[in-house]
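Worksheet: the structure to be examined is printed underneath.
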Amino acid sequence: MELLSGGEMIARALEDEGVEYIFGYPGGAVLHIYDALFKDCKVPHILVRHEQAATHAADGYARATGKPGVVLVTSGPGATNAITGIATAYMDSIPMVVLAGQVQSHLIGEDAFQETDTVGISRPIVKHSFMVKRTEDLPIMIKKAFHIAASGRPGPVVIDIPKDLTRPDAKYEYHYPETVKMRSYAPAQRGHTGQIKKAAKLLLAAKRPIIYAGGGVLLGDASEQLTQLAKRLNYPVTKTLMGLGAYPGSDRQCLGMLGMHGFYEANMAMHNSDCILAIGARFDDRVTNTVEKFCPGAKVIHIDIDPASISKIIIADVPIVGPVQPVLTELLAQISLLREKDNSLPDQSALDLWWQQIEEWRAAQGLFTGRRYGESDMIMPQQVIQSLYRATKGDAFITSDVGQHQMFAAQYYPFDKPRRWINSGGLGTMGFGLPAAMGVKLAFPDMDVACVTGEGSIQMNIQELSTCTQYNSAIKIINLRNNNLGMVTQWQDMQYEGRYAMSTYEDSLPDFVKLVEAYGHVGMQVTKLADLDDAMDEAFAMKDKLVFLDVIIDPNEHVYPMHIAPNGSMKDMWLSKNERT
Amino acid sequence: MRRIISMLMENEPGALSRVVGLFSQRGYNIETLNVAPTDDPTLSRLTLTTADSDLRIEQLTKQLNKLVDVVKLADLTEGAHIERDMMLIKVRAAGVARHEVKRTTDIFRGQIVDVGPEVYTIQIIGTSEKLDAFVAAMSDVDILEVVRSGVAGISRGEKVLSL
Ligand SMILES: Cc1ncc(C[n+]2csc(CCOP(=O)(O)OP(=O)(O)O)c2C)c(N)n1
Ligand SMILES: [Mg+2]
């Protein structure tokens, strides 16, 4: 067997694991590892400009590909800078392996230079973590980390590695295991057949059914099965912010996103339904509005790989623990069996009525958005997203930051394919979009990758423009520039009589066009609607350039619909500044 | 309702902090906590008591089960079980009180495990309730120190929590 140092083991294990990219930043505690990477490692390393960006880039890569993103940071500030990105991945169940350097074993606990308790700090925001005690354990720990990160309900795993364990002169036998078995970790492999039968019965008995699909459908690669199910039954589908793309957004049966800024028809259909099939979704407070008033007439079937997600917020009538893909496959089979026995199921006339009602709601929603366009001669944010959709033929990877622009992107870019919409849904991390786009672009260099952002969010990780220069990352950045922290001012308009407490920048914004040019990229500003489409086309025509499109939009626009809170139900929404349900 | 949750945990660094951290992270209270090695050196047994609604306890046990270091878990209060808490209590035992303390200790089937000219250290084993009752019975006595092990528990009959 081959003898390797700890640093070499890490380099080799990442190769053996089939890792495509390492996103990282060097420092004292990881220099042995970096030297090993430099000398002999086939996995390219992407040098970011801030460790937070390394985690978001790895996260973007993971969301787009389904494979764990890999991060390498040094101890102390390197690890703490990575924390926001780890939390972001944790909240959205994204597979990630973070290798963090640590001070030498004998210094641990002595407040040594650049020492932080990385395992402790990250504990509540990781799926699991390892503290390496012996160099020989590195391969098995790395294998376990990848296994845990990617299986079951995915999530980030941290490996804390004291510097002395990676010394070049201490060599040990290296063997990278093909598989691992852990007695304390065995995620469900399939659903309970009895429960699936019950679910099939309940679904077929429904008169006003709705399928509520979340990010778990994407994580579990079950879009195809979901689509089959919806098509076979002609049931409507709504998706969470995390589930966009799980079912084709431009399909007739798709009611769009639900929740706080969900589509009118989606929220109305949820509230009035008599049977909700929740798949890989977790009844987040941004979906349910007031829990006590949630969908009063609905029976709930809930499929999730994580038993703790089921009946956490809303009690499930039929809980099914298991990976969504095999569960849906079995559910489809059970439905076929039941319909062979009784082909009158489901009740077609009830379903026709239900669709009629839904179409009425859908028509009403169209009105609300359409009318607002006429009110101002400025570019409306929704129009920017529509122009982006047109220019990319609906086929781009869209990453997003957090704010109004994120909601407009989610509402006005109907994603037809899984894993195309890349956003921080659970943690809502401003600064996610740009580094995430870098990660996506590395995974899919020939695809259009655009980051929809705001002038607030983009400045949270704007230093990554330099990383993009280094690696020729030809992403497009669409800055929906309303010159304020729009989502904050919207709430201040609605709840604080328009007192914009620290949500504007006065005259402090940079000239974004000059700024990106200073990094070697292309910047363009658009102020008139008439120029928007041309500018968008021009940006996407520059295949090998990063283009920053600074689009000046109406600063007063709000995101609608918006759930009325507190004490509102799914159906209680503001539809514009002065209309409500 | 009060619950006794017992689990087998990998004897790994950080395992305990994950369990304890989960409680504060998700807004649960730990009333007592007891951790010690088992006959298998790779496993430790952790028993804790907490009180909450059935729904919240169900969520808690699911979350605990999800921790990679937790190998197996049981809510002992779901079935017949035995629970024991141990207390060492040091009281001022001088003059007339000295006799009184000895008598009460006997009634509670406790033992005086250390004797000083003016103090007794008493060991009492039983349910948490019994220990509470003993402390209440000592209300006229000057209590100097109380140490309790926290509840350890085991199911009755054939039922075992093992691999
Ligand atoms: C790191 C972080 N800090 C604060 C917030 C709270 N927050 C949510 S949206 C928002 C405003 C975002 O402004 P901008 O990026 O310009 O987007 P807009 O809403 O104007 O489209 C803020 C401050 C957050 N989500 N993330
Ligand atoms: Mg803004």
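Worth saying up front: this structure is predicted, and the values here are computed from it rather than measured. Every heavy atom of this structure was used, including side-chain atoms; hydrogens, water molecules and symmetry mates were not.
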| Any residue of residues 147-165 of chain A which, by heavy atoms, sits under 4.5 Å from chain B |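 The list, in residue order, reads Ile148(A), Arg153(A).
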
| task | Counting only heavy atoms closer than 4.5 Å, note whether Arg183(A) contacts chain B via side chain, backbone, both or neither. | result |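 When you check distances to chain B, atoms from both the backbone and side chain of Arg183(A) fall under 4.5 Å.
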
| field | Under 4.5 Å from a heavy atom of chain B, the part of Lys127(A) involved | value | backbone

Electrostatic pair [X]:[Y] at N-O distance under 4.0 angstrom:
{"X": "Lys66(B)", "Y": "Asp306(A)", "result": "yes"}
{"X": "Asp132(B)", "Y": "Arg148(B)", "result": "yes"}
{"X": "Glu83(B)", "Y": "Arg2(B)", "result": "yes"}

| task | Using only heavy-atom distances, determine whether the side chains of Arg18(B) and Ser129(A) contain a donor-acceptor pair under 3.5 Å. | result | yes

| field | Interface residue of largest heavy-atom contact number with chain A, from Leu163(B), Val71(B), Val68(B), under 4.5 Å | value |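 The residue among Leu163(B), Val71(B), Val68(B) with the greatest pair count is Val68(B).
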
| So which of Ser24(B), Gly14(B), Ser17(B) has the largest heavy-atom pair count under 4.5 angstrom toward chain A? |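 Of Ser24(B), Gly14(B), Ser17(B), Ser17(B) has the most heavy-atom pairs under 4.5 Å with chain A.
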
| query | Can you pull the ring-ring contact (aromatic ring centres under 6.0 Å, His included) pairs that have at least one residue in residues 94-132 of chain B, sequence neighbours excluded? | reply | Phe108(B)-Phe134(B)

Please report the shortest heavy-atom distance between [X] and [Y], naming the atom on each side.
{"X": "Val318(A)", "Y": "Gln195(A)", "result": "CG1-O, 3.5 Å"}
{"X": "Thr116(A)", "Y": "Gly76(A)", "result": "OG1-CA, 3.5 Å"}
{"X": "Leu76(B)", "Y": "Gly153(B)", "result": "CD1-C, 3.4 Å"}

Region of [X] in contact with chain A, defined by heavy-atom distances below 4.5 Å:
{"X": "Leu22(B)", "result": "backbone"}
{"X": "Arg26(B)", "result": "side chain"}
{"X": "Val70(B)", "result": "backbone"}
{"X": "Leu60(B)", "result": "neither"}

| Out of Thr77(B), Asp54(B), Thr49(B), Thr61(B), which one pairs with Arg3(B) under the side chain to side chain donor-acceptor pair (under 3.5 Å) rule? | Asp54(B)

| message | I need the Tyr176(A) OH to Leu138(A) CG distance, nearest 0.5 Å. | response |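 Going from OH on Tyr176(A) over to CG on Leu138(A), the span is 11.0 Å.
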
